[in-house]
Peer 1: 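Handing you this structure, nothing more for now.
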There are 2 protein chains.
Amino acid sequence: MRIRKSAEARRLEILQATLRLAGEVGPDRLTTETVARDVGLTQPAVFRHFATKQDLWDSVADYIGKTMEAGWAEATGRRGAAEHRLRSLVATQLRLIQSTPAIPAILFSRELHSRNAALRKALFGLMRRFHGLVARAIAEARDATVFRDDLDPDDGAFLVIGLIQGLALRWSLSGRAFGLVEEGRRLLDLQIRGFTRVTATRTQNRRPG
Amino acid sequence: MRIRKSAEARRLEILQATLRLAGEVGPDRLTTETVARDVGLTQPAVFRHFATKQDLWDSVADYIGKTMEAGWAEATGRRGAAEHRLRSLVATQLRLIQSTPAIPAILFSRELHSRNAALRKALFGLMRRFHGLVARAIAEARDATVFRDDLDPDDGAFLVIGLIQGLALRWSLSGRAFGLVEEGRRLLDLQIRGFTRVTATRTQNRRPG
DNA sequence: CTAGTTAGTTATTGATCACTAACTAGGTAC
DNA sequence: GTACCTAGTTAGTGATCAATAACTAACTAG
């Protein structure tokens, strides 16, 4: 059967299928045949829309980047306490990973990186931008005397990002057996408790484990 | 030229070459031809020592596991404060990653996982064992009233492991541009400061940023 | 010295891919 | 309704790999 669609609609279909399938079989094992079947096309039809497979990956990276930036803009745009903005950033990122599990798979895939330096640079740049946003939220919370004043915002942001990445990896290896966002909230609570300035009167004990 | 060696010696040579090269070109892009050339053999000679490539990967995973367990045993064997054991565990792991950069590459490689469920399970099991050791050290430090008593050891261990993984990923993406162990020590200091019980009299301020 | 074993070789095969060439049918402008 | 454009098709190519077949030279036991 031959179903014709507009070039633009097909491009988007192929992009999203690639992204979804990359999360299932792994970025490097994903063939154009698999993508084509998924969107209901023959394999060569993919090359009507993307000159090379590399071009397809570049577009995917671009798509991920735009999606992330949009999410971050929304999370940082809302007014409120810096600590709340920090939570919002992390939650947004985890939701994005949960809905698009290919993201860590692509980020972690050394294959794609060594094959394509541009993609690696783009992903590294994205990570740096996210780090900047997190560090900024931490710095503001520190300046508002909510976080300890000996807390280095850059290092704090590295810990928060490590929290996300460790969680994403464990989630991935576990076969996506738990809720990323809920687990993330609990861990972030703990991490933030460690960041928080402790006044002399406050002792906040819970019963031990 | 035909250089004969004992089967056992060759097996080890091939294993170590695979491990090293996996870190350079990526686990899934690594061909038996590349491995063979590296140890000075022809490609089919590899199959004199490993029945299939899968078998080679299984052996690599086993080798990594044994190396890790040995390192952990040494780090936890030494007597001393629980907090010191925690630092020792993290430092050991980072040293291991620094000397064998393929480890995160293999751990993160979704390709290998989807192709080989056994490998994935083995790696997940290793991660769980490490998590157990870290959690135990944290629990002991908490019971010794060094760490806060509302600190859940499992969650604390997840944060510490996230620290390692985030660091390893950043190190890998950055082209291994910094010292893993030093950077790790600084971040672990920060993380442990967040775990530490704060007595009412202690305020520990440094000048801000 | 000889027979058997084994770590190596060269040559080849079959599978899997990305990508191309040549053709075809659906949509649209006039 | 005809000419043109373009999103599709089928068929096929060349590259890359893991793995095999058949043979060979080095070592080793008797």
Side-chain angles (χ1 to χ4, degrees), chain A residues 1-19 21-22 24-61 106 109-116 118-119, chain B residues 1-19 21-22 24-61 106 109-116 118-119:
Chain A
M1 214 183 334
R2 182 179 291 216
I3 297 173
R4 259 178 89 102
K5 294 196 182 180
S6 79
E8 216 171 326
R10 275 290 193 229
R11 265 189 77 96
L12 193 63
E13 268 188 16
I14 293 172
L15 264 180
Q16 290 173 342
T18 305
L19 203 43
L21 294 168
E24 290 170 19
V25 301
D28 216 53
R29 293 200 56 203
L30 184 59
T31 66
T32 53
E33 171 70 35
T34 309
V35 174
R37 288 185 93 86
D38 189 89
V39 296
L41 289 176
T42 57
Q43 182 257 339
V46 173
F47 293 96
R48 287 273 170 224
H49 301 282
F50 297 90
T52 65
K53 203 191 184 188
Q54 195 55 256
D55 184 36
L56 175 56
W57 280 120
D58 290 348
S59 304
V60 166
I106 290 174
S109 166
R110 194 146 182 82
E111 285 72 46
L112 282 183
H113 300 162
S114 50
R115 215 185 275 259
N116 183 3
L119 179 56
Chain B
M1 216 184 331
R2 181 179 290 216
I3 298 174
R4 259 178 90 100
K5 295 198 183 179
S6 80
E8 218 170 323
R10 276 289 193 229
R11 263 188 79 95
L12 193 63
E13 268 189 15
I14 294 172
L15 264 179
Q16 290 173 342
T18 305
L19 203 43
L21 293 168
E24 290 171 20
V25 302
D28 216 53
R29 293 201 55 202
L30 184 59
T31 66
T32 54
E33 171 71 34
T34 309
V35 173
R37 288 185 94 87
D38 189 88
V39 295
L41 289 175
T42 56
Q43 179 256 338
V46 173
F47 293 96
R48 288 274 169 225
H49 302 280
F50 298 90
T52 64
K53 202 190 184 189
Q54 195 55 255
D55 183 37
L56 175 56
W57 280 120
D58 291 348
S59 304
V60 166
I106 290 174
S109 164
R110 189 142 187 85
E111 287 71 47
L112 282 184
H113 301 162
S114 51
R115 213 186 276 259
N116 182 2
L119 178 58

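Just so it is clear: chains get the letters A, B, ... in the order the sequence lines come, proteins before strands, and each one is counted from 1. Because the structure is a prediction, the values reported are computed rather than measured.
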Peer 1: With both distances under 3.5 angstrom, what nucleotide forms a Watson-Crick or G-U wobble pair with D/dG30?
Peer 2: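 Pair assignment: D/dG30 / C/dC1.
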
Peer 1: Has the side chain of A/Arg4 got a donor or acceptor that lies under 3.5 Å from a partner of the other kind on the base of D/dT6?
Peer 2: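 Pair found.
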
Peer 1: Any salt bridge linking A/Arg10 with A/Glu13? Criterion: basic side-chain nitrogen under 4.0 Å from a carboxylate oxygen.
Peer 2: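 Yes, this pair counts.
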
Peer 1: OP1 or OP2 of C/dG8 less than 4.0 angstrom from a side-chain nitrogen or oxygen of B/His49, does that happen here?
Peer 2: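 True: B/His49 side-chain N/O within range (under 4.0 Å) of C/dG8 OP1/OP2.
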
Peer 1: Which of the following nucleotides, D/dA21, D/dA22, C/dC19, is nearest to the side chain of B/Pro44?
Peer 2: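 Given the options D/dA21, D/dA22, C/dC19, the side chain of B/Pro44 is closest to D/dA21.
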
Peer 1: Among C/dT10, C/dG8, C/dC19, which nucleotide has an atom closest to any side-chain atom of A/Thr52?
Peer 2: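 For the A/Thr52 side chain, the nearest candidate turns out to be C/dC19.
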
Peer 1: Just to confirm, is there a sub-4.0 Å distance from OP1 or OP2 of C/dA18 to any side-chain nitrogen or oxygen of A/Thr32?
Peer 2: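 Yes, because at least one side-chain N or O of A/Thr32 sits under 4.0 Å from OP1 or OP2 of C/dA18.
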
Peer 1: Looking at D/dG8, I'd like to know if its phosphate oxygens (OP1 or OP2) sit under 4.0 Å from a side-chain N or O belonging to A/Thr42.
Peer 2: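 No.
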
Peer 1: Need one value for B/Leu56: base, sugar-phosphate or nothing, where a base atom within 4.0 Å counts as base even if backbone is also close, heavy atoms only.
Peer 2: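 B/Leu56: no heavy atom of the nucleic acid under 4.0 Å.
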
Peer 1: Please name the pair of heavy atoms, one in B/Asp28 and one in A/Arg29, separated by the smallest distance, quoted to 0.1 Å.
Peer 2: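 Taking every non-hydrogen atom into account, OD2-CG, 4.3 Å.
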
Peer 1: Can you tell me how far C1' of C/dT6 sits from NZ of B/Lys5, to the nearest Å?
Peer 2: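 After rounding, the reported distance stands at 17 Å.
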
Peer 1: Search all heavy atoms of A/Leu30 against all heavy atoms of A/Thr18 and return the closest pair with its distance.
Peer 2: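 Residues A/Leu30 and A/Thr18, closest heavy atoms: CD2-O, 3.5 Å.
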
Peer 1: What is the base-pairing partner of D/dT16, counting Watson-Crick and G-U wobble geometry with both distances under 3.5 Å?
Peer 2: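 Pairing partner: C/dA15.
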
Peer 1: Figure out the CZ/P separation between A/Arg29 and D/dT16, and round it to whole Å.
Peer 2: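 Going from A/Arg29 (CZ) to D/dT16 (P), I get 21 Å.
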
Peer 1: What integer distance in Å separates B/Arg37:CZ from C/dT9:P?
Peer 2: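 The answer, rounded to whole Å, is 12 Å.
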
Peer 1: Map B/Phe47 and A/Gln43 onto DNA chain D by nearest heavy atom, then report which one ends up closer to the 5' terminus.
Peer 2: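 Mapping each residue to its closest nucleotide by heavy atoms, the 5'-most match is A/Gln43.
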
Peer 1: Could you tell me the separation between the CG atom of A/Asp28 and the C1' atom of C/dT16, rounded to a whole number of Å?
Peer 2: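 Atom CG in A/Asp28 sits about 13 Å away from atom C1' in C/dT16.
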
Peer 1: Mind calculating the distance between CZ (B/Arg11) and P (C/dG8) to the nearest angstrom?
Peer 2: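 Spelled out: CZ on B/Arg11 to P on C/dG8 is 13 Å.
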
Peer 1: Side-chain atoms of residues 41-50 of chain A: list all donor-acceptor pairs with protein atoms under 3.5 Å, sequence neighbours left out, distances to 0.1 Å.
Peer 2:
from: A/Gln43; atom 1: NE2; to: A/Thr32; atom 2: OG1; distance (Å): 3.1

Peer 1: Do the non-hydrogen side-chain atoms of B/Leu21 and B/Asp38 ever get within less than 4.5 Å of each other?
Peer 2: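 Counting from C-beta outward, B/Leu21 and B/Asp38 do come under 4.5 Å.
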
Peer 1: Side chain of A/Leu41 only, please: which of C/dA18, D/dG8, C/dT9 is the nearest?
Peer 2: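 Closest nucleotide to the A/Leu41 side chain: D/dG8.
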
Peer 1: Quick one: B/Arg48 CZ to D/dT24 C1', roughly how many Å, whole number?
Peer 2: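 Atom CZ in B/Arg48 sits about 11 Å away from atom C1' in D/dT24.
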
Peer 1: Separation of B/Ile3 atom CD1 from D/dA26 atom P, in whole Å?
Peer 2: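 Spelled out: CD1 on B/Ile3 to P on D/dA26 is 12 Å.
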
Peer 1: Answer with yes or no whether B/Glu33 presents, from its side chain, a donor or acceptor under 3.5 Å of a partner atom in the base of D/dC17.
Peer 2: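 Answer is no: no donor-acceptor pair is held.
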
Peer 1: In whole Å, what is the span from the CD atom of A/Glu8 to the C1' atom of D/dT6?
Peer 2: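 Result: 15 Å.
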
